[in-house]
There are 2 protein chains.
Amino acid sequence: MGASKSDSFSIEQNEMAGLFKALSHPARIAIVDYLLTVDTCICGDIVEVLPLAQPTVSQHLKELKNANIIKGTIEGTAICYCINPDTIDKIENHFGMIRHKLKNKCC
Amino acid sequence: MGASKSDSFSIEQNEMAGLFKALSHPARIAIVDYLLTVDTCICGDIVEVLPLAQPTVSQHLKELKNANIIKGTIEGTAICYCINPDTIDKIENHFGMIRHKLKNKCC
DNA sequence: TTTGTTTATCGTAATATTGCAATATAATAA
DNA sequence: TTATTATATTGCAATATTACGATAAACAAA
């Protein structure tokens with residue numbers, strides 16, 4: 001085998017796992033970090049900030065986009081990326097749920 | 001290549017990516033979910049709840065343990081697992097930081 | 001001691017991810 | 001039209017992950 005048995009788990013479990021997978025690579029964390037350091041949605045220069053080749057960065061951006069963690073809007077020749085706050089909300093809510101259920105635990 | 005260039009990123013970026021990677025599989029999300037449904041740290045029966053064989057579950061538990069997301073304490077023949085609230089804190093703080101930096105953005 | 005119970009490790013096959021050179025695509029500028 | 005610029009896609013090699021049968025290790029009970 002080797003493929004994950006995603007059919008055996010709930011839609012929500014797969015959804016959360018998908019969000020975390022999108023964030024499970026340091027390059028993608030670095031992209032999110034970078035998008036947070038600039039005041040507006042940023043066009044392009046992400047490639048120059050990362051120690052990776054352009055196709056690799058493009059691939060990581062695609063994964064973040066597919067997971068709805070970032071949004072990209074076309075702006076002439078370039079594409080402007082910014083973080084999708086709705087997805088941040090979704091993850092925060094998940095941990096809010098965990099935090100809530102952790103009350104009255106032995107830990 | 002194929003190996004991730006973790007040396008090129010900051011310790012914190014690698015650390016966060018590692019935490020998310022530990023949560024990037026539905027089985028591991030399901031384990032965390034299950035640990036939250038029981039009142040106390042639970043011994044063993046995680047294998048019976050998941051649609052996976054015992055060695056596979058053991059492997060997933062190991063990854064969650066290595067990432068400090070769960071703690072396991074030996075209790076006779078069995079091992080009692082529970083969620084590590086410190087790590088939940090760390091992740092929540094990360095998103096708190098993201099949320100804070102997202103203020104005054106175009107998104 | 002032997003037996004049973006619980007969890008971990010080994011070995012390995014199937015599959016997925018990562019990274020990049022080469023190339024393609026899309027829009028603008030000359 | 002032909003450049004130029006910015007991003008995406010393809011193809012492939014290197015590596016990592018996932019899953020599980022077989023087996024091992026650790027401990028309790030008989």
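In what follows, every chain begins at residue 1, and chains take the letters A, B, ... in the order their sequences are listed.
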Task: A:K65 atom NZ, neighbour heavy-atom count above 12 within 6.0 Å - done: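 More than 12 heavy atoms, drawn from other residues, nucleotides or ligands, come within 6.0 Å of this atom.
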Could you give the [atom1]-to-[atom2] distance, from [X] to [N], as a whole number of Å?
X	N	atom1	atom2	result
B:N66	D:dT18	CG	P	13 Å
B:N14	C:dT18	CG	P	13 Å
A:I31	C:dG19	CD1	P	10 Å
A:L50	C:dC20	CG	P	11 Å
A:I46	D:dA6	CD1	C1'	12 Å
A:Q59	D:dA8	CD	P	11 Å
B:E63	D:dA19	CD	C1'	12 Å
A:L52	D:dT7	CG	P	16 Å

May I ask you to verify if any side-chain N or O of [X] is less than 4.0 angstrom from the OP1 or OP2 atom of [N]?
X	N	result
B:H60	D:dT17	no
A:K21	C:dT17	yes
A:S58	D:dT7	no
A:K65	D:dA8	yes

Open item on the list: Base contacts versus sugar-phosphate-only contacts with protein, heavy atoms under 4.0 Å: please encode nucleotides 22-28 of chain D as B, S and - from 5' to 3'.
Closed with: B----BS
TODO: Give me the ring orientation class for A:H60 and A:H25: parallel if the planes are under 30° apart, tilted from 30 to 60°, perpendicular past 60°.
DONE: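 Ring orientation, 0 to 90° scale: tilted.
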Open item on the list: Rounded to the nearest 0.5 Å, what separates atom CZ in A:F95 from atom CG in B:N93?
Closed with: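 Between atom CZ of A:F95 and atom CG of B:N93 there are 11.5 Å.
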Using modelled atom types and a 3.5 Å cut-off, is there a donor and acceptor pairing between side-chain atoms of [X] and backbone atoms of [Y]?
X	Y	result
B:N68	B:T87	no
B:S24	B:K21	yes
A:Q13	A:S10	yes

From [options], nucleotide with atom closest to [X] side chain:
X	options	value
B:I79	C:dT7, D:dG21, C:dT18	C:dT7
A:A78	D:dG21, C:dC20, D:dA6	D:dA6
A:R28	C:dT18, C:dC20, D:dC20	C:dT18

Open item on the list: So A:E75, base contact, sugar-phosphate only, or nothing? Heavy-atom distance under 4.0 Å.
Closed with: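 No contact at all - A:E75 keeps every heavy atom at 4.0 Å or more from the nucleic acid.
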- [ ] Would you mind telling me which of B:L36, B:I91, B:L35 makes a side chain to side chain contact (heavy atoms under 4.5 Å, CB included) with A:I98?
- [x]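 For A:I98, the side chain to side chain contact (heavy atoms under 4.5 Å, CB included) check succeeds only for B:L36.
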